[in-house]
4 protein chains.
Amino acid sequence: MSEEKEQWLEDLIRLSEETAETKTEKQARILEAAIEIFSEKGFAATSTSEIARKAGVAEGTIFKHYKTKKDLLLSIAGPIAVKLVAPFLLRDFIKMIDMPYDRADEFFRALAKDRLKFARENTKIIKILIHEVPFQPELLEQIKSLVTDYVVKRIEKIILHFQEKGQLVEAPPWRIMRTGASVVIGMIITHVFIVPDFPFDEEKEVEMTLDLLMHGIASRSGEV
Amino acid sequence: MSEEKEQWLEDLIRLSEETAETKTEKQARILEAAIEIFSEKGFAATSTSEIARKAGVAEGTIFKHYKTKKDLLLSIAGPIAVKLVAPFLLRDFIKMIDMPYDRADEFFRALAKDRLKFARENTKIIKILIHEVPFQPELLEQIKSLVTDYVVKRIEKIILHFQEKGQLVEAPPWRIMRTGASVVIGMIITHVFIVPDFPFDEEKEVEMTLDLLMHGIASRSGEV
Amino acid sequence: MSEEKEQWLEDLIRLSEETAETKTEKQARILEAAIEIFSEKGFAATSTSEIARKAGVAEGTIFKHYKTKKDLLLSIAGPIAVKLVAPFLLRDFIKMIDMPYDRADEFFRALAKDRLKFARENTKIIKILIHEVPFQPELLEQIKSLVTDYVVKRIEKIILHFQEKGQLVEAPPWRIMRTGASVVIGMIITHVFIVPDFPFDEEKEVEMTLDLLMHGIASRSGEV
Amino acid sequence: MSEEKEQWLEDLIRLSEETAETKTEKQARILEAAIEIFSEKGFAATSTSEIARKAGVAEGTIFKHYKTKKDLLLSIAGPIAVKLVAPFLLRDFIKMIDMPYDRADEFFRALAKDRLKFARENTKIIKILIHEVPFQPELLEQIKSLVTDYVVKRIEKIILHFQEKGQLVEAPPWRIMRTGASVVIGMIITHVFIVPDFPFDEEKEVEMTLDLLMHGIASRSGEV
DNA sequence: AATGAATGAGGATTCATTCAT
DNA sequence: TATGAATGAATCCTCATTCAT
């Protein structure tokens with residue numbers, strides 16, 4: 001498995017480079033301003049003149065770098081969409097199947113922590129992503145295929161693996177996956193978007209949230 | 001408790017009336033058209049002329065009924081926001097505390113089914129709600145206070161009640177609540193928004209999802 | 001021949017009506033202003049804001065009446081293109097074949113006078129037509145088919161008729177036609193566009209120009 | 001007459017040099033591209049960036065060679081305008097008065113052939129000329145004075161000369177001139193712009209067209 | 001001489017909203 | 001109450017032109 005030519009890895013790399021290297025200083029300022037305002041007022045309610053003002057460039061400059069306003073949006077949302085699912089694509093992630101975490105909860109905990117960190121570092125862009133994906137068919141398709149082709153397939157393998165090891169309940173993998181995702185995403189949304197200023201012990205929060213996920217909310221003494 | 005004059009109940013009633021009675025036929029057509037288009041393209045990207053065309057009325061007519069375009073949005077989103085949390089406000093819901101479901105899982109199951117049904121009946125408006133709430137401070141405030149004042153408080157009571165009865169694990173109620181909400185909302189989103197055309201046995205789906213919520217995804221044979 | 005249902009006549013009529021009746025006062029002012037400026041600076045170099053200013057309406061008003069700037073152009077150029085060839089389409093024109101002018105020169109003279117008058121009354125629009133037709137494929141096609149289908153065919157018949165009567169030289173009809181058209185159009189352009197302020201005796205000018213067309217510029221005394 | 005210092009000749013010479021020598025390779029490519037696109041879409045509808053792209057140079061380069069976009073137009077249209085009337089300016093042309101063609105029709109025929117050839121070799125630029133002259137006052141003036149000062153005056157002399165020799169009809173020279181010009185230009189426009197792909201025997205076409213010009217379109221048997 | 005990034009004025013078009021009918 | 005013509009500000013985008021490299 002580790003032998004296969006992984007084209008998506010090249011994609012990822014090329015993408016990161018594009019995103020990081022090529023950008024001129026003005027381009028960076030434009031992106032920054034656009035992210036700020038898009039996340040505050042939404043794509044459609046943001047005017048290019050406002051972006052230009054905030055970025056400190058002429059309006060025309062925006063269009064020298066991004067053919068269209070939508071182009072600007074996509075050049076923000078596209079890369080982040082990839083980064084969002086990036087860990088699921090990484091070589092190391094796959095290795096877990098051969099030489100895996102011993103315990104399922106350790107695996108899920110690591111994943112949860114990682115994505116929580118990522119979300120906290122990319123609040124604004126994720127907000128943009130959430131709000132614009134449904135209205136941008138290109139994005140929607142891109143993400144759908146990313147998720148179904150990579151994320152779902154790989155997580156499924158891992159779940160099956162843990163089921164074989166007798167660590168996970170015998171339910172359909174997709175339902176386990178959805179439940180896990182829901183709980184983790186719920187935690188992330190709470191801390192990153194709903195009450196971002198509320199201080200909390202991240203370690204403990206993840207610990208306890210995952211405990212509820214693993215063992216449920218029902219009392220564990222004897223009967224259920 | 002059931003004696004106190006509950007203002008929110010009046011709100012609810014007034015609202016239902018407004019929604020159902022006062023509306024002229026044209027007004028109804030305008031609302032319907034607006035919901036349709038708002039949910040498809042988003043509020044900011046929808047033009048009043050398009051709404052008018054779809055509703056089969058003159059552009060001016062819209063503004064006879066709704067002072068501004070945003071007014072139109074609020075008159076759609078406001079009521080639905082209330083309906084969304086309505087069951088938590090209802091007299092009967094509160095009675096559960098005095099004469100409650102015997103078992104926690106029965107209670108959660110009933111709630112999940114009810115809200116799933118509601119979501120399925122109001123797909124479009126909920127989509128609007130999700131997308132516009134973050135950009136409409138009035139709405140955001142309204143919902144935040146609705147949720148914190150009523151929903152959270154009441155659910156907390158119920159959770160405490162079940163904890164006392166030894167049916168729920170001894171975790172902070174808000175974390176139990178969040179976990180439950182995440183799992184149920186995850187299920188709703190999946191079936192209503194992500195794969196709406198995928199047929200499924202609702203009864204069984206709720207059953208199994210709640211089982212995972214109650215008892216976790218870890219294998220239950222002996223040790224974990 | 002006079003029995004056939006002539007669809008182009010209906011076209012002409014509908015067109016004239018559209019042009020004359022439906023127009024509101026503002027619409028008329030917009031058209032007038034557009035004609036004025038288009039003819040002065042050309043279509044592409046004219047801005048809609050300038051038209052609006054000259055017409056005394058808001059810029060938006062233009063677009064309520066004409067979806068596009070090009071639409072505005074076409075609604076000016078289209079009808080005039082038809083009017084330009086209109087006499088060739090008329091029932092009476094065709095009758096000339098059955099019950100014709102006795103003399104070819106009388107026929108051409110009548111035609112020349114009529115079109116000279118028309119050109120003088122529509123200077124600006126004709127200028128627009130001349131300049132924009134090559135850049136507006138729709139217009140070009142429309143005019144090409146009008147001219148080839150109606151004008152050329154009918155004039156050819158008439159020329160053949162006069163050739164049979166021994167009044168016109170035995171050259172290919174199309175070359176006679178082109179020569180006649182060139183001479184008449186040359187005259188029109190001279191008086192209407194090149195030296196419009198130069199006063200001249202129209203009657204005599206047409207007379208003498210047609211004399212040159214009929215009998216040539218070579219000396220007629222004996223040999224040439 | 002051949003003694004007078006003819007300034008226009010110097011003009012012509014300087015012009016040819018400018019046109020042919022000074023041009024760098026990039027400049028030539030710019031001109032070529034500009035001619036191509038101007039003739040296709042018109043001056044105002046052509047953007048400098050499009051010209052730059054087609055010429056394969058940077059946008060800035062155009063402005064290194066031509067101060068403004070209009071400058072570029074004039075540097076195309078100006079020279080061609082001179083070339084258009086060039087034969088009328090040439091020393092040899094004037095000699096015709098002293099040592100002229102024996103026959104008027106020979107003279108006109110030579111002229112017609114020459115200008116037809118010229119038009120065929122400069123289709124695009126002539127199209128530009130026709131379309132932009134009316135909107136470029138400088139060009140208009142330049143051409144008007146060229147034509148009235150040189151062309152008209154000289155042709156008039158020649159016509160008078162042939163009238164004296166009894167070869168041309170006793171009409172006002174300007175009317176003879178206009179008629180001749182119309183017929184020849186009509187022929188040129190037909191073959192170069194309207195049906196450029198239609199093959200024809202040039203020799204014969206000129207012959208017959210000039211026959212109609214000289215002797216008219218009326219039947220020549222006996223009476224007229 | 002050549003570049004191409006940057007400009008900001010101006011382009012066509014759309015928009016929410018008003019108001020006389 | 002309902003209309004739809006009219007508005008003019010605001011929208012996204014293009015343009016000719018400049019200038020540091």
Side-chain angles (χ1 to χ4, degrees), chain A residues 24-27 29-30 43-53 55-72, chain B residues 24-27 29-30 43-53 55-72, chain C residues 24-27 29-30 43-53 55-72, chain D residues 24-27 29-30 43-53 55-72:
Chain A
T24 78
E25 196 245 331
K26 299 224 171 200
Q27 204 165 349
R29 290 222 310 274
I30 291 170
F43 171 73
T46 299
S47 77
T48 50
S49 75
E50 194 179 355
I51 296 173
R53 208 180 317 124
V57 303
E59 206 171 346
T61 307
I62 294 179
F63 291 93
K64 272 268 145 60
H65 290 290
Y66 306 92
K67 256 204 293 287
T68 313
K69 191 185 151 195
K70 190 188 270 193
D71 235 56
L72 176 55
Chain B
T24 76
E25 198 245 331
K26 298 220 171 200
Q27 205 165 349
R29 289 221 309 273
I30 291 171
F43 172 72
T46 299
S47 75
T48 49
S49 76
E50 196 180 353
I51 297 173
R53 205 179 321 123
V57 303
E59 274 203 71
T61 308
I62 292 179
F63 292 90
K64 273 275 162 353
H65 292 288
Y66 307 92
K67 251 209 295 285
T68 58
K69 188 184 156 196
K70 189 187 270 193
D71 237 54
L72 176 55
Chain C
T24 78
E25 196 244 331
K26 299 223 169 198
Q27 205 165 348
R29 290 221 311 273
I30 291 171
F43 172 73
T46 299
S47 77
T48 50
S49 73
E50 195 179 353
I51 296 173
R53 208 180 318 122
V57 303
E59 209 171 343
T61 307
I62 294 179
F63 291 92
K64 274 269 145 59
H65 291 290
Y66 306 91
K67 257 206 289 288
T68 313
K69 190 184 151 196
K70 188 188 269 194
D71 235 56
L72 177 54
Chain D
T24 77
E25 197 245 333
K26 297 221 171 200
Q27 204 165 350
R29 289 221 309 274
I30 291 170
F43 171 73
T46 299
S47 76
T48 50
S49 76
E50 196 179 353
I51 296 172
R53 206 179 320 124
V57 303
E59 274 203 71
T61 307
I62 292 180
F63 292 90
K64 272 275 164 346
H65 292 289
Y66 307 90
K67 250 208 297 285
T68 58
K69 188 184 155 196
K70 189 187 271 194
D71 238 53
L72 177 55

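Numbered from 1 within each chain, the chains take letters A, B, ... in sequence-line order.
- One interatomic measurement links the two molecules: CD of B:Glu25 to P of F:dT1, which rounds to 15 Å at whole-angstrom precision.
- Regarding C:Gln27, its CD atom lies at a distance of 13 Å from the P atom of F:dT7, rounded to whole Å.
- Residue order along DNA chain E, read from the 5' end via each residue's closest nucleotide, puts B:Thr48 first among B:Thr48 and B:Lys64.
- To the nearest 0.5 Å, atoms OH (C:Tyr66) and CD1 (C:Ile30) are separated by 6.5 Å.
- Ranked by how close their nearest DNA chain F nucleotide is to the 5' end, C:Thr61 and A:Ala44 are led by C:Thr61.
- Expressed to the nearest 0.5 Å, how far NZ of C:Lys26 lies from NZ of C:Lys64 amounts to 12.5 Å.
- The interatomic distance linking D:Phe43 (CZ) with F:dA16 (C1') rounds to 10 Å, in whole Å.
- Note on A:Lys67: every side-chain N or O is 4.0 Å or more away from OP1 and OP2 of F:dC12.
- Put simply, CD on C:Glu59 and OG on C:Ser49 are 5.0 Å apart, with the number rounded to the nearest 0.5 Å.
- Side-chain contact between B:Ile51 and B:Leu72: present, with at least one pair of heavy atoms (C-beta onward) separated by less than 4.5 Å.
- Remark on DNA chain F: of its neighbouring residues A:Phe63 and D:Gly60, the 5'-side contact belongs to A:Phe63, judged by nearest-heavy-atom nucleotide.
- One can place CD1 of D:Ile51 at 17 Å from P of F:dT14, the figure rounded to the nearest angstrom.
- The backbone N or O of B:Glu50 sits less than 3.5 Å from a side-chain atom of B:Ser47, completing a donor-acceptor pair.
- A:Phe43 and A:Lys69 get closest at one heavy-atom pair: O-NZ, 3.2 Å.
- The pairing partner recorded for E:dA5 is F:dT18, the criterion being a Watson-Crick or G-U wobble arrangement whose two distances lie under 3.5 angstrom.
- Closest-nucleotide positions on DNA chain E for C:Thr46 and A:Gly56 were compared, and the one nearer the 5' end corresponds to A:Gly56.
- Atom CD1 of B:Ile62 is separated from atom P of F:dT1 by 16 Å (rounded to the nearest Å).
- The separation between B:Lys69 atom NZ and F:dA10 atom C1' is 13 Å, rounded to whole Å.
- Rounded to an integer number of Å, the gap from CD of D:Glu50 to C1' of F:dA16 is 14 Å.
- From the 5' end on, the contacts that DNA chain E makes with chain A at under 4.0 Å to a non-hydrogen atom open and close at E:dA6 to E:dG8.
- Taking each heavy atom of C:Ala44 and D:Ala44 in turn, the nearest pair found is CB-CB, 3.6 Å.
- Put simply, CD on C:Glu59 is 11 Å from P on F:dA9, counting in whole angstrom units.
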